[in-house]
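Both ligands and their constituent atoms are indexed starting at 1 by order of listing.
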Amino acid sequence: MNTMEKSAPLNGESSTQSSGSAPNLPILYSFRRCPYAMRARMAVSYAGLKVELREIELKNKPSTMLELSSKGTVPILVLPDGQLIEESLDIMLWALSKNDPEDWRQIEAAANQKESAANMADLIAFNDGEFKYWLDKYKYADRHPEHMPEYYRTQALSFLSRLEELLSQNDFLLGNSISLADIAIMPFIRQFASVDSNWFEQINYPLLQQWLNIFLTSNLFSRIMQKYKPWQTQDAPTVF
Ligand SMILES: N[C@@H](CCC(=O)N[C@@H](CS)C(=O)NCC(=O)O)C(=O)O
């Protein structure tokens, strides 16, 4: 079955998100507020693909999901042929391999594609690694009383400085158009900003604040942040 729909870029209309039967659609197990799941949903929606969305609760994961993927994290995507994609970045790449209307992978835009791919991978790896480590400590500072929250925040800030510097060179992180790196990183900067939004709004990172705002106010983001009640086995499929 062809799952491709008209592409729906950052501020385009979406033809997705209706309810009904979903024969042979890939199934996306997701959690609305999870930054990894957000980036996977953004890539799926941008590519105009239809999937069956199963909203889960982290504290009450469905056994159907755990039987498929014992690591128990979201997002995961189950393809109609049974193939399982268990990492958010791989789900993004799967979606973009089907349809990438604005070249988020920068296959066409980058003069030196190898360098561009390396920069992209490096930036995302730093986000998912060191930055996420300090972000979690900052967000849950009460669980890590060995330091004050400000200490963890300062550690995380070096990544924000790096992003601000990149944005002083181009409109987006890796060039003048949106790339996979922007989308993969943005949900984590959002999370960092929302730990103490008053503080975040007054720091001197104007380009990063503006960049974040572009995504937060986009149609793409509001589409993927629609609320769904947690999935139950007997529910009619939710087509996303
Ligand atoms: N490397 C994974 C990480 C996914 C992940 O850690 N997701 C969190 C939610 S944001 C999760 O499912 N945690 C399991 C839990 O809290 O039980 C990916 O990129 O998909």
Side-chain angles (χ1 to χ4, degrees), residues 26-47 49 51-79 82-98 100 104-105 117 119-144 152 156 159 163 173-174 178-195 212 215-216 220-221 223-232 238 240:
I27 299 170
L28 181 66
Y29 287 89
S30 178
F31 174 58
R32 182 174 176 270
R33 287 186 292 118
C34 166
Y36 300 100
M38 281 178 203
R39 69 191 189 184
R41 295 197 305 273
M42 280 198 273
V44 166
S45 182
Y46 154 80
L49 302 176
V51 296
E52 177 185 339
L53 186 95
R54 294 186 176 173
E55 175 74 15
I56 67 129
E57 293 169 303
L58 290 176
K59 290 201 182 92
N60 186 21
K61 293 171 194 154
S63 53
T64 332
M65 176 185 138
L66 294 173
E67 280 157 21
L68 284 164
S69 173
S70 56
K71 77 185 180 105
T73 63
V74 281
I76 62 167
L77 185 75
V78 191
L79 297 182
Q83 194 194 326
L84 183 65
I85 310 184
E86 293 182 288
E87 285 292 321
S88 56
L89 268 182
D90 292 334
I91 297 174
M92 295 179 86
L93 290 170
W94 169 83
L96 301 185
S97 75
K98 304 276 177 207
D100 185 2
W104 281 7
R105 291 168 300 173
N119 287 344
M120 193 180 289
D122 176 60
L123 205 58
I124 297 173
F126 197 93
N127 175 79
D128 291 14
E130 190 166 328
F131 178 66
K132 173 74 164 98
Y133 173 84
W134 291 118
L135 169 61
D136 283 349
K137 294 249 160 134
Y138 171 42
K139 187 162 181 237
Y140 302 110
D142 53 337
R143 298 179 201 167
H144 305 281
Y152 300 122
F159 185 55
L163 301 185
L173 295 177
L174 296 178
I178 295 170
S179 77
L180 182 67
D182 296 284
I183 303 299
I185 291 170
M186 170 264 163
F188 297 86
I189 304 302
R190 172 185 178 271
Q191 201 169 68
F192 179 89
S194 60
V195 175
L212 180 61
F215 293 106
L216 294 181
L220 177 65
F221 194 67
R223 279 202 299 273
I224 67 108
M225 290 305 279
Q226 265 195 39
K227 289 188 179 156
Y228 297 95
K229 64 176 179 41
W231 173 77
Q232 292 185 312
T238 297
F240 170 86

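In terms of protein heavy atoms, atom 6 (O) of ligand 1 is closest to Tyr36 CE1, 3.7 Å. At the shortest separation from atom 16 (O) of ligand 1 among protein heavy atoms lies Leu58 CD1, 3.8 Å. Regarding atom 17 (O) of ligand 1, its nearest protein heavy-atom neighbour is Lys61 NZ, 2.5 Å. Thr73 CG2, 4.0 Å is the protein heavy atom nearest to atom 13 (N) of ligand 1. In this structure, the protein non-hydrogen atom closest to atom 8 (C) of ligand 1 is Val74 O, 4.0 Å. When only non-hydrogen protein atoms are considered, atom 20 (O) of ligand 1 lies nearest to Ser88 N, 2.9 Å. At the top of the distance list for atom 9 (C) of ligand 1, counting protein heavy atoms only, stands Cys34 SG, 3.3 Å.
Residues Ile91 and Arg41 have side chains not in contact (no heavy-atom distance under 4.5 Å, counting atoms from C-beta outward).
In this structure, Phe31 falls outside the shell of residues with a heavy atom less than 4.0 angstrom from ligand 1.
Between Tyr46 and Trp104, the ring planes lie parallel to each other; the angle is under 30°, not in the 30° to 60° tilted range. The aromatic rings of His144 and Tyr152 stand perpendicular to each other, their planes meeting at an angle above 60°, with 30° marking the opposite boundary.
Remark: Trp231 CH2 to Leu53 CG distance equals 11.5 Å, nearest 0.5 Å.
Under the side-chain contact (heavy atoms from CB on, under 4.5 Å) rule, Glu86 has a single partner from Thr73, Ile76, Val74, which is Ile76.
Against a heavy-atom cut-off of under 4.0 Å, Pro75 is close to the following atoms of ligand 1: 20 (O).
Looking only at distances, no side-chain donor or acceptor of Arg105 sits under 3.5 Å from a matching main-chain atom of Asp100.
Taking all heavy atoms of Glu86, Arg39, Glu87 into account, the minimum distance to atom 2 (C) of ligand 1 is reached by Glu87.
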